[in-house]
Structure formats: structure tokens, C-alpha cells
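Let me begin by presenting the structure, written as C-alpha cells, before commenting on it.
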Amino acid sequence: MTTTIRKILIANRGEIAVRIARACRDAGITSAAVYSDPDRMASHVRVADEAYGLGGTTSAETYLRQDKIIETAHKCGAEAIHPGYGFLAENHEFAALCRDNGLIFIGPPPEVIALLGDKIQARRMAEKAGLPVVPGSIQNVDQIDTARSEAYGIGYPVLIKAAAGGGGKGMRIVNDPEGLGAALSTAASEAGSAFGDRRVYIEKYIPRPRHIEVQILGDAHGNVIHLGERECSIQRRHQKVIEESPSVIVDDAMRAEMGEAAVALAKEAGYIGAGTVEFLVDENKKFYFLEVNTRLQVEHPVTEMVTGLDLVQEQFRIARGKKLSVRQKDIDRRGHAIECRIYAEDASAGFIPCTGHLSAYQEPSGPGVRVDSGFLDGDDVPVYYDPLIAKLIVWGSDRTQAIQRMRRALNEYVIQGIETTIPFGRLVMGSESFQSGRLSTHFIEDEFSDLAESLSQTDGDILMAAMTAALVDYRLQLRLLAVSRRARSEENPWKISGRQAGLRTRWTR
Amino acid sequence: MTTTIRKILIANRGEIAVRIARACRDAGITSAAVYSDPDRMASHVRVADEAYGLGGTTSAETYLRQDKIIETAHKCGAEAIHPGYGFLAENHEFAALCRDNGLIFIGPPPEVIALLGDKIQARRMAEKAGLPVVPGSIQNVDQIDTARSEAYGIGYPVLIKAAAGGGGKGMRIVNDPEGLGAALSTAASEAGSAFGDRRVYIEKYIPRPRHIEVQILGDAHGNVIHLGERECSIQRRHQKVIEESPSVIVDDAMRAEMGEAAVALAKEAGYIGAGTVEFLVDENKKFYFLEVNTRLQVEHPVTEMVTGLDLVQEQFRIARGKKLSVRQKDIDRRGHAIECRIYAEDASAGFIPCTGHLSAYQEPSGPGVRVDSGFLDGDDVPVYYDPLIAKLIVWGSDRTQAIQRMRRALNEYVIQGIETTIPFGRLVMGSESFQSGRLSTHFIEDEFSDLAESLSQTDGDILMAAMTAALVDYRLQLRLLAVSRRARSEENPWKISGRQAGLRTRWTR
Amino acid sequence: MKKVQVSTADRSFAFELWFENGRYFVRGEGGEHVVDLIPLRNNRYSLIIDGRSYETGVEVASDGYVVFTGARSHRFIVEDYEIAQMKRQAGIDDWAREMLLTAPMPGLVLAVNCRPGDRVEKNQPLLVMEAMKMENDIKSPLTGIIRTVAVAPGQNVDKNQTLIEFEPWRNPEKPVPE
Amino acid sequence: MKKVQVSTADRSFAFELWFENGRYFVRGEGGEHVVDLIPLRNNRYSLIIDGRSYETGVEVASDGYVVFTGARSHRFIVEDYEIAQMKRQAGIDDWAREMLLTAPMPGLVLAVNCRPGDRVEKNQPLLVMEAMKMENDIKSPLTGIIRTVAVAPGQNVDKNQTLIEFEPWRNPEKPVPE
């Protein structure tokens, strides 16, 4: 029994809303965007077929307002809601609210989201499905005695993690028994204030893990397949910034093993939809279950480039109650794909967000290059939301070609007006360690002890930049001179310029 | 014995020069652009590592000046010259001149270009290699008696073609013996003035052929492979405008048969480089050799999208004396690719070229979309050269998805300031005949008896456009009103506007 | 509230417009619409018309507006409705006055296939021009009568140079007189 | 011919410039260069320097130029060389005068980790700001001494609002005094 979907409301913004609107267009489905006041001119509003204002500015006033979104869906006649990632994507209450309102939530059933969203429950289920997990407790260890005996059993160093966690919050590395008590209470309190849930648990700390994840798809007919892995080890603030597929350390046997593990867990959980099973991989290539993301990932395009599948269109199929378009044996992986996330962040200042006006913006293109962007020339990057401008994804017949094409595309990409992670992407692509595939989640700290310094070293063009400033200034002077000559003015433009220099006020960094 | 190439001079302009510069960047080779005076700001100059002015305006003064190009190559230290397509790409004298000057010409040896560039010789060689050819003479038929007996043998209707021909020049369809004499002399005289070569020959006229071509690659070690076909039936002025791969009528057996024929001919000719063997295919799927293009084709990206190979990089390998990177059995074709050429032409006025200023320019992107462009926002499209702005290429897992993605990409593509073939592309993608694959080189005339009318019918948005004009005018009036109020002016802005309307001068079409 | 007439060479639309609470309202063909109109860069506008999102380019020409929708460009004259009606009654027709065929690109005139006084059909080839290394038929933009041919074979012309002037004639109800 | 000094906070370059036959000539570090400089849209420029092709953005700020190369943005002051030398002799340093740390984005100050009189190292975290739902360390742009701290924890700040002023100090030959 399959349903027809004629219109989808996209409960998101930025590049992922644009991505979903494009998939709607490809599928012949009408897309309806929603927007906050500062997003009226945003790309997702312009690219969608329809657009409805939510009224308000912050995420809490707009993209997180379940009532407004449901109401808009009803008003515009959408049958389904795509939540993208972030915002309401992993909110099981919202998924349930959609169902209660006769709307299709494009994602797993609320019960599955709730189950896998709880790290302790997800870990228990992974164990049940036979997945290797990081040695540790699967219970709440808020009592110091329990914690002590757990940690003793696991062996130091250990990691305290929040049950409801994410983004490194409520997480502490403990190297010896002395530090345990203090770490336990600060982690619990941090988890309490960040997630409203003080529960924490203890795991073996794996020193230099790789972050490797497996893309899964499950339909309502019990079919679950995996599309191979993505390596997402390069992270800042525990958040991914560069991803690729395949991983240099994953061979066919390991891919099959990880894939089967991911599928086993998904089947155990009754998974329906697109999702990702995340693993940590230690220095001996042993992998451990980490968590499940019950949604489309930011980095899904690298899997699309390698498999040729359109994951958002697969989500649409699944939501309509249809079977997956492919079986496991049909999955034909080809070549190598890399994604660099282009954030409005200054990597040389600790990846600090930079908002502002895109005074010039020009995307790269050509063979093997895809840009999933949420911005257009002349847009402003607002302060209220995630600073992701675009994702630059390249494909090459092998990893070397993919790296070369990424370097070319990063070189062509013009973003003027704000700092971005483009120079950082260049630095990584040019580094011997990335090229030889020596990755871990500590990649940035390990490779660049002083990132600002490394970035400025790659910056051999300061002389050229200085020369350009001199030339542009000189050109301006010549033009002023020509104008003043034409006007037969007595005033010498060099003087004017000198005076202007004297009026110089403050210089901001 | 392989050579190293550190720097390549690109003896071309526009999108193909950009394409080659990107391939150079991917291969770690320095690219040197050349440019005419009007092209100083052109994309290919900006994207290349180096750029040298040729001085002059027209093609004859610049991109066709063999002496200037060789001199520039020497001056900048390039070891090789890539001619792109058009200009000097199929000029065997230039290829020989490069060789004489110690420069690598990226293309086949001069002798092969000369041989295959002559249609009569090429046809003879094709017959020798066992390829089916259109029934007809392979000799010069400038004598009416010879022509008459030839035509009688073939059976009317017949086609008179120029030996040195191309682009429909020197070509005449003859339906009966009475018309033969006149057609022969006009064709010969047209061929004489167009190519400086009056030789013509006679072929059986095939009424509604498809144009299907096979991409080949040959290295200096005697390896020749084919990469499957491209269907290029949609043509205007005998020039391709929309291409795709695979062709809807070519199955694996036919692909193998055509491919093997193309390879046999290439081997017979001692072919080295990338090239294309063109065929006409009649309504019974019987194919006939047409001609060989001894260069990269405009439409090469559709093959790249389907095979994952980078043809320009393969050209570099071949030029360096290396073996091809793949063998015939490695060729793994996946999905479907379509290319729409975006010309600065007004399809509704018989594809008349339109030059001018790109007052806004925004390329589409996202899943499956590639743009090979020669222009950037704010550029001018000059009058002196080919009116090709860009090539829009899409890939889909099947033809239906490719068409959908092409429709989406054409819809997203913003080119403001001049007319382009984007509306034509939309019309074709939306037509039932294209969707069901009913193609022939007469596609445009057959499907759109009044193309201008068909284009304006798809144009349901004239009401919206009119409303926009009214609104923008009204907005301007409101702003004038606000300004005049602020200035406490006595003058009524409605009046100002009325007066402006009165001052209206000429209206150009 | 303002009433305007928006016209191309062969169609015209009447709209009533007003502005209220930051939104534009338009009444005309197809009923009443609420429009949110926001200017973007490069003379482009984002419009949300009754919830549907459009993007268009609108360039102000000396003699009206050129609207670039995704598909095509359209040239419009926008006039006060009352003035347009008065003009019409007085027999003034801006479009008819402006019936020129101009060169779409610089180039060389190879042939002229019409003479003053000829009655020509829309899309009938009137001249042949060489430009961009191709011969291009220049076709009639309308069905009408030729008043003057401003160029001759062999002549180089600039872009937008007048090639042909037509007799003023425009009445959608009546065909061009034979 | 004109001689200028182009300076950032910690480097300066001297160039002699002249214009001849439609080309610019620059003499400075790395020798003499022939430059073809063409303005593009959006304050971007195409430069061909001795045959090498570059594209940069140059925005004129009230106090100098911001040059966007592919990799980074650089802020420069461009001055007449003689004037710059005179200033230097008179002990005037535009950069030292302008040693401010300003807010890179609007947000909330969560913590201030320095006090007036502190000697701080380049890249040392001085404040914590919350913006875009993240806590961000704001680091010192230079090694120097803090004169004033203009904000306090709990305070909302606008983009470019001054957070910290440093003591004027600049002499590349000598380190900051302990």
C-alpha cells in the first residue's frame, strides 16, 4: 500500500532545505519552504515552489516551533514534512505530532527515534544485535561507587558520556581513579543543563579513534541495506568538517562486516528510513558501535557520489511506503568522494563563527564537482543559525584524483566579505598526513599544533595581496587625478589622499 | 618512453579553455591561456595559471594565428599545446608546425588528422576497415556524367556532399535526375568558397537518421578502446544542441558492434589520441559511417559522466606517451547523462545569436549537475566568436531521472541580459517526443513546426511577468513619493512618472 | 491604490495595486493576489505571490521594463490606466509608434528581401546578416507593412541600429489591411 | 612614479609604481613586475603579473584596503612612502594606535579572562562569547599589554564593538617588555 505525496513542507533552512527542494523538483513533488524573518531572502525560500513565513527571528521562534510548522503544513496542503537535519529532525515528539495530525514525517517512526536517541538504550540494543561496543557500563553511573567499580573493570583511561549527549557536552576523559569523582559530577551537571537529563555512563577511552559511519536505508517492508561507509574523522569541536568515502582503511571485508553490523542493528530496532550507524575505529582497525543518527546526515552527498543513489529520493520512496529502489547486491560503489564543509568560520581563530555580507560569491564547477549551497551572491550570513554556508563535494576515479579536484575547486571558490573554512580545507588537502590517510578525530590538534601559524604559512600570497592594494590605490589616485584635471581643479589629488589617510579612524581586527 | 609535461598552452577560449585549465590543475600541470583583446576579462584568462595576450580582435588575428601561438608557447616555456575544439584543433598543418617546433600537439599525428579530415579518404579507409558506409561514390563527382551514373546506381534521393565539408555547407539533397546538374554545380561552388576545395561526392540520402557517435581513445602503444556512444540527433543548422549517453536505441549488442567498428577504423588509421567516429543510424537501426572528428568533442562530458573517466586527462596521458589508464573491459558505464548547450541564441527567432552583457548570471548546482562554462557574472558575450556560453550536463541513475534533473537545472539557471537556448532546452525536455526517445536529426522541424509559437506557449508566466513589471513600477513610485515627501517637494511623483513616460523614445525588438 | 495598464506589443493587462502592512496587493486577471516583493542584487526580485515563490529580473529601460522570468524576457510599458485609456481614445499607440526592427547584433548585411510597401508576415525573413561567422535570417517581428528599409546589402551595422521601420498599425481586433 | 608603503599590523612593504602604455609597473620585493590590472564586478580585479593570472577582491574600507585573495583576507594601510617615513620618525604608528580587539559577531559575553595591565600572548584566549549557539574563545590578535577591558560578563555586544584595547606598542625588532 503506497501513498502519493504531492507536496512536502521542508521544516528547515540553508543548504539542506535547498537540497530537499531540489529532490522534490526531481521527483515532481511541490516543495513548500518555511522561513524566519531574517531568512526572507534566503536561498531555500527562492528555490522552493512555495514559501511561508513563520514570523520571528530565532530558531526557537521559528524552525523549532512545532505548532507553527504543523499549522503551515495544513494551510498549504502538504501531505508530508521533511525535517532535514538539526532542528526537529531527531525530535520523536514532533514525529509523533505529525502522525497525530495526519502528516507523514519523513524519517523513522517516533518510537524508533526515541529508542535510538537514548544512548544507553541504543547501546543496549547494539549489544543485543551483536555489535561490538566500547567496553563500559550501559547503565547510569551517577553513584560514585558504581562508577568506581565500573571504571576499575574497564581499566583507565575512561570516558564519561551523557546518555542524552552530543557535540562533546557532558563528556570527560578520566585518566586515573583520583579524577573520577570530580569528572562525574561536572559531566552530570553539564549534561543536566545541556539536555535536561543528568544521566551519564562510562566507556573505555579510545585514544586516537577514527570516526567511520555506515549509511543505512530501511523500508516499511522489512528491507534494510547499507551503502558502505564514510570516514568523518576530521572534526573540530567534536563536529565533522571534512568527510570522505570510502575510508582509506576500510577494505571490502571490513566494509561488509561493518555494513552487516549496521543492518543487524537497524533490523533489531525496526528501522524505517535513511539513517547512519556511527562507529569508532581504533588503531588496530577494530570498530565499536558509537551511536545511530536517525536522519539524513550533512555528509550524505559523499555516499551519493560514490553509489549514484539519491538518498533524499530514497527517503521519499520509503515515506510513500514503497520498497527501496535497490537491493544490497545492486549497490555499485565507484571511485572516491570527499566533502569539505564551507563554514562561515575563521579557522585561524579557533573556528570562530563570522557573520556578514557575501560581497562576492562564486561557486566552482566542472568535472567531478558538486556544490550544495544555502547561499547566493549578495546574501547575508545571519547570526542566528548554524554557520554552514555550503558543502563542496568532489568525486574522482580514485582518492588522488578526488583530492586534486577538491584542491582545484577550493581554489576556484570565491567567497568575499567573510572568513570561511576554505583556507582550512586547502591546508588539509595539501597536507602529507591527509594525503597518506593518517586520520583520527584528533587530526587537527595532532597535525597543526598552531593552526593559525600553519594557515598563514600556506599564505605565500601576502606579497601579491600587498602589491594589489598598492596598485588599486595607485589606480584610484590616477583616476582622481584625471577627474581633477578634467575639472581643472587646483587641488592635488595626492594631497586629498594624504588627508584621507590622516582621517583614518579605528582599525578592527 | 614517456615525457613529462609541466606546462600546457591552451590555444582556445571559452568553456573548453576553462575545461582544459581545470584538467591541468587536476593533473598538477601549469596552464597558460592565450587571449584576444576582447577576451582580456574572459573566464579562461582568469582561471588559468598564466595568460598571454595575442593582440588583435577577430579569430583570424588571434586564436587562428599559428605563428603567435607557437611563439607564445616558446616564450612561456610550455611543452605542449592543447587546441580544444574548433580553431586549430583539426588543422594538420598546425599539428605539424608544433612538431617541427619541438612542441607536443595534444591530438593525433598530423598525418592522421590530414587523412581523416578528408571525407573521401576517410570513407575509403572506413570501407577498408569493414565499416558500413552510406551507399554512394567515394570519388570526386564533379563531372555530371559520372554523377548521373553514380546517382542512378545508388537510387534517388541522393545527397551531394563536400569532400572537405562540415556544418552543412556544400550539401544538397537531390530527389530526381532533373535536379542533379544544378545541385552539383551549386554544391561544388559553395564547397569551393567555404573550404577552398570544390570536390564533392554522392551518397544515398537517408531520410530521418539519428546521429550517434562513438568516443574512442588510442595510445602510442597501439591500444585503442571505445567508451560507448553519444546520441546527438537534436541539431539546429546541422550543429548539435542537445546530446545524451546512452542512446535510447542502442543496446549492449549494438554498442559493442558500433564500438568495435570505431576501434577497427581507428586502428586502420593508426589513431592516437581522443576522437569520435560519427555514424548515421537509419530507422531500422542500421548504422553507417559518417566521419571522424580528430579532437575532443563539445559533448565529451556526457561520456565522462557515464564512464567516470576524465577525457582531457586521458589526452594528457596519451600525449605523454603513456598507456591508457583503462582497458576495454574496465569500462564501466553507469546511469544516463544529458547535455544541453547553452548558446547566446534566440531559439524563437531561428536561433539567431544574441550578444550582450550578462547582467545577472547564476549557475545551477546540486546532485547530478555539472556546468562547463566560459562565462561569469557580469561578463560580456562578445560578437566575434562562437556563441556558446556554457554546457549544462546532468547525470541520473536512469534517463527519466536525468531528464528531471535537467529540467530542474534549466529552471535554476539564471542568465539575465541576453536570450539563450535555456527555454528551448526546457521545451525539449518537457516534450513527449523527447521523453519517449523519438529522435532524428530533423527533430526540431518535425516536432515544432512553429518553434516560436511552441516556445511562447510554454510561457505561461507572461501574466506573472506583467504583474512583476506593474509591481516594480509601483514600488518605484512609492519610493519616489516617500523621497519627495521627505524633501517636502511640491511636485507630485505620479506626474514625474507621467512625464517620463511621455519622453519615451524608441522601442527595440 | 493605483490602476495601471501593462502592455507588450500585442497584449495588455490592467492591474489595481495597493500597499498595506508591508505587502503589495494586486487585483487583475486571475483575481486578487497578496505579494511580498523583495529586491535582490543585480535588479533581481524575489516575489512570493499567494505563497508561491518566484524570482525574476526587472531592468528599467528608458522606455519601460524588461522582465526576465526563468523562461524568457518580456518588454513592457507600464502606464497609468486612465492616461492609457485617454491615449487610446486619441489614437496614440506607443507600441505602434515604436515598430522598428533593429539589429540584434553588430554585423554585415548580406541581403535585403523586402521593400517599402511590402506586406510581411510575422517570422517572414526580411534580411540576411552575417555575424559570429554565421548567416542569420532576420525575421519580421510582426505582421505589417514596411515603411522604410534603412540598410543595404554590404553595409556594416551596429547592434540596435534600425534596419526596418514598419507602418504604424495596431488593432488586435482587425487584421492588417491587405 | 610614486613610492608607497603598504603595511599590515606586523609587516610592511615598499613599492614604486608607475603606469606606461596601459600597463602598471611595480618595483619592490621580488624585483620589477609588469601588471595588467582590470576591474571586474563586485570590487574584484583580474591581475596578470608577469604573465601569471590572479584574481583578487579589494574592498576600500574607511581606513585602508581589505584584499581577498583565494586563501585569506588581508587588511592593509597604503601610504605615501615619504609620509610614512616621516610618521615613523615622529613615532606615529597607525597600527599601534589601532590595536583593538573587536567583536567578530554579535553575541553574549560569558567570561572575561584578562585584566588591564596583563601581558598576553598572541592567540591567548581573552574572552568567551556565546554566538550561533556556540561558546567561542576570543583570542588575542597580538602579543601585548592590555590597557582596557571594555565589556563585562553577561553583556550583549554588537558586531565590531570594542572588547579590549591594547597598550600601543610596536617594534618588530624588540619584544614586548616583560
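Worth saying up front: this structure is predicted, and the values here are computed from it rather than measured.
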Taking only residues two or more places apart in sequence, or in another chain, which ones meet B/Tyr413 in a ring-ring contact (aromatic ring centres under 6.0 Å, His included)?
-> B/Tyr361
Turns out that what part of B/Asp332 lies under 4.5 Å from chain A's heavy atoms comes down to both
Salt-bridge criterion met for B/Glu412 and A/Arg25 (N-O under 4.0 Å) = no
Quick one: side-chain hydrogen bond (donor to acceptor under 3.5 Å, both in side chains) partners of A/Arg19, sequence neighbours excluded?
-> A/His300, A/Glu304, A/Asp310
Non-hydrogen atoms of chain A under 4.5 Å away: do they reach the side chain of B/Met305, the backbone, both or neither?
-> backbone
In terms of heavy-atom pairs under 4.5 Å with chain A, which of B/Val47, B/Val18, B/Asn411 leads?
-> B/Asn411
For A/Tyr35, check ring-ring contact (aromatic ring centres under 6.0 Å, His included) against everything at least two apart and list the hits.
-> none
Report the distance from atom OG of B/Ser325 to atom CG of A/Asp398, rounding to the nearest 0.5 Å.
-> 9.5 Å
So which part of B/Ala23 gets closer than 4.5 Å to some heavy atom of chain A, the side chain, the backbone, both or neither?
-> neither
Honestly, the part of A/Pro301 sitting under 4.5 Å from a heavy atom of chain B is neither
If you look at every heavy atom in B/Ser365 and A/Glu363, which pair is closest and at what distance?
-> CB-OE1, 4.1 Å
Picking from B/Gln401, B/Arg408, B/Gln404, what satisfies side-chain hydrogen bond (donor to acceptor under 3.5 Å, both in side chains) with A/Asp26?
-> B/Arg408
Tabulate, in ascending numerical order, the residues of residues 369-379 of chain A having at least one heavy atom closer than 4.5 Å to a heavy atom of chain B, or enter 'none'.
-> A/Val369, A/Arg370, A/Val371, A/Asp372, A/Leu376, A/Asp377
Select one option (side chain, backbone, both, neither) describing which atoms of B/Glu15 are under 4.5 Å from chain A's heavy atoms.
-> neither
Between B/Pro364, B/Ala409, B/Gly308, the one whose heavy-atom pairs under 4.5 Å with chain A are most numerous | B/Gly308
